[in-house]
Amino acid sequence: SAMTFHNCLWYSNNSAYWGGAISASTNNTTNVYNSISWGNRAAVNFNDFRNVRVRNSLVEDGSGIGSLTANPKFVDADNFDFRLQAESPALNTGLNQWVPAWLTHDITANNRIVATIVDMGPFEFTDETNSINDLLAHDRFLVWPNPMKRNGELNLELMASGHGLGLTIWDLSGQKILSI
């Protein structure tokens, strides 16, 4: 076999023999990069990977080179929400060299690399701060004057490409002034 897996997840699988996540034949070229394997069990041996080259992944049994073994801290694995929590050890601990050029987005269409270093697993962590920072880093957003004088004019300039954007302006009393 000759398979390569990038930023994947194997969770709670069971094998009657070897390799709860993957069991490959000897002398194969199966590779796993920047992935997570957690909660897998094998009846004979190798709960996670057997005869697989694992690099820089979070693997419960510690398989591979550069692998972490700490709990990945999924949002809610019991309900199949495998996004990573803010304190997950898988955040910003992958190796960008193992991200192929074609892998530009995660499983939910977020940018594959958000904070300069790829996350392990299929989900790249995003929060409101990262999202707005990502927008501001790639587009032009200007507000002037700052500070603004009472009853003065406020100027907004937003030049964005490829984004579905909306703008709503509220006054200090909570009244909507404008929505575009």
Side-chain angles (χ1 to χ4, degrees), residues 1-135 137-138 162-164:
S1 61
M3 296 178 284
T4 300
F5 298 92
H6 297 277
N7 294 90
C8 292
L9 168 68
W10 291 269
Y11 180 80
S12 195
N13 295 291
N14 292 295
S15 169
Y17 295 100
W18 305 284
I22 298 175
S23 179
S25 62
T26 308
N27 300 324
N28 74 86
T29 55
T30 299
N31 297 291
V32 171
Y33 303 111
N34 294 330
S35 295
I36 298 174
S37 182
W38 198 259
N40 302 298
R41 299 294 170 254
V44 175
N45 209 344
F46 306 101
N47 281 331
D48 291 293
F49 300 106
R50 177 181 170 261
N51 295 329
V52 175
R53 291 176 190 92
V54 180
R55 303 289 186 268
N56 215 85
S57 295
L58 193 154
V59 184
E60 189 171 9
D61 72 7
S63 300
I65 296 172
S67 293
L68 304 175
T69 58
N71 185 319
K73 299 192 180 200
F74 299 120
V75 169
D76 187 3
D78 291 339
N79 290 303
F80 308 104
D81 187 347
F82 297 108
R83 292 174 298 140
L84 302 172
Q85 295 180 40
E87 62 275 4
S88 172
L91 297 180
N92 300 317
T93 53
L95 279 179
N96 292 354
Q97 74 187 44
W98 300 122
V99 180
W102 55 263
L103 187 57
T104 59
H105 293 85
D106 74 357
I107 196 168
T108 57
N110 290 316
N111 288 333
R112 180 66 265 187
I113 300 173
V114 171
T116 70
I117 300 173
V118 69
D119 295 342
M120 294 177 180
F123 295 94
E124 191 72 16
F125 180 79
T126 59
D127 62 14
E128 292 304 315
T129 304
N130 284 341
S131 297
I132 192 68
N133 286 341
D134 189 50
L135 173 69
H138 296 96
H163 297 286

Mind listing the closest non-hydrogen atom pair of Ala70 and Pro89 along with its distance? CB-CG, 3.8 Å
Between CG of Leu68 and CD of Glu60, what distance do you get to the nearest 0.5 Å? 13.0 Å
Taken to the nearest 0.5 Å, the spacing of Asn34 CG from Asn56 CG works out to 5.5 Å
Would you compute the distance between atom CZ of Phe74 and atom CG of Leu9 and round it to the nearest 0.5 angstrom? 5.0 Å
Considering non-hydrogen atoms only, spot the tightest contact between Val44 and Ala16 and give its length. CG2-O, 4.1 Å
So Pro122 and Asn7, do their side chains get closer than 4.5 Å, heavy atoms only? no
With a 6.0 Å cut-off on the ring centroids, do Phe5 and Trp10 count as close? yes
Can you pull the ring pair (Phe, Tyr, Trp, His ring centres under 6.0 Å) pairs that have at least one residue in residues 18-37, sequence neighbours excluded? His6-Tyr33, Tyr33-Trp98
Should Lys73 and Leu84 count as side-chain neighbours, where that means a heavy-atom distance under 4.5 Å? no
Contacts satisfying side chain to side chain donor-acceptor pair (under 3.5 Å) that involve residues 63-72 (not counting sequence neighbours) are Asp61-Ser63
Taking the side chain as every heavy atom from C-beta outward, state whether Arg112 and Glu124 have any atom pair closer than 4.5 Å. yes
Could you tell me whether the side chain of Thr30 and the main chain of Val52 form a donor-acceptor pair under 3.5 Å? no
Taking all heavy atoms of Asn51 and all of Ala24, pick out the closest pair and write down the distance. ND2-O, 2.9 Å
side-chain contact (heavy atoms from CB on, under 4.5 Å) between His105 and Asn111: does it pass, once the steps are laid out? CA-CA 4 Å; His105 293 85; Asn111 288 333; 3.7 Å; yes
Could I get the full list of side chain to side chain contact (heavy atoms under 4.5 Å, CB included) partners for Asn14, not counting sequence neighbours? Arg41
Criterion side-chain hydrogen bond (donor to acceptor under 3.5 Å, both in side chains) on Asn28 and Ser25, from CA distance to verdict: CA-CA 6 Å; Asn28 74 86; Ser25 62; 4.7 Å; no
For the residue pair Leu95 and Val118, establish whether any side-chain heavy-atom pair is separated by less than 4.5 Å. no
With the side chain counted from C-beta on, respond yes when Ile65 and Val54 share a heavy-atom pair under 4.5 Å apart, and no when they do not. no
How close do Tyr17 and Ala42 get, heavy atom to heavy atom, and via which atoms? O-CB, 3.4 Å
Do Val59 and Phe49 have side chains that get closer than 4.5 Å, going by heavy atoms? yes
What heavy-atom pair brings Leu91 and Ala86 nearest, and what distance separates the two atoms? CD1-O, 3.1 Å
I'd like to know whether CZ of Arg55 has more than 12 heavy-atom contacts from other residues, nucleotides or ligands below 6.0 angstrom. yes
Residue pair Asp119 / Thr93, side-chain heavy-atom distance below 4.5 Å: no
Does the side chain of Val32 come within less than 4.5 Å of Cys8's, by heavy atoms? no
Hey, does the side chain of Asp106 reach the backbone of Thr108 with a donor-acceptor pair shorter than 3.5 angstrom? yes
So, the side chain of Ser23 versus the backbone of Arg50: is there a donor-acceptor pair under 3.5 Å, distance only? no
Backbone N or O of Gly19 within a donor-acceptor pair of the Asn40 side chain at under 3.5 Å? no
Hey, would you say the Phe82 and Tyr11 ring centroids sit under 6.0 Å apart? yes
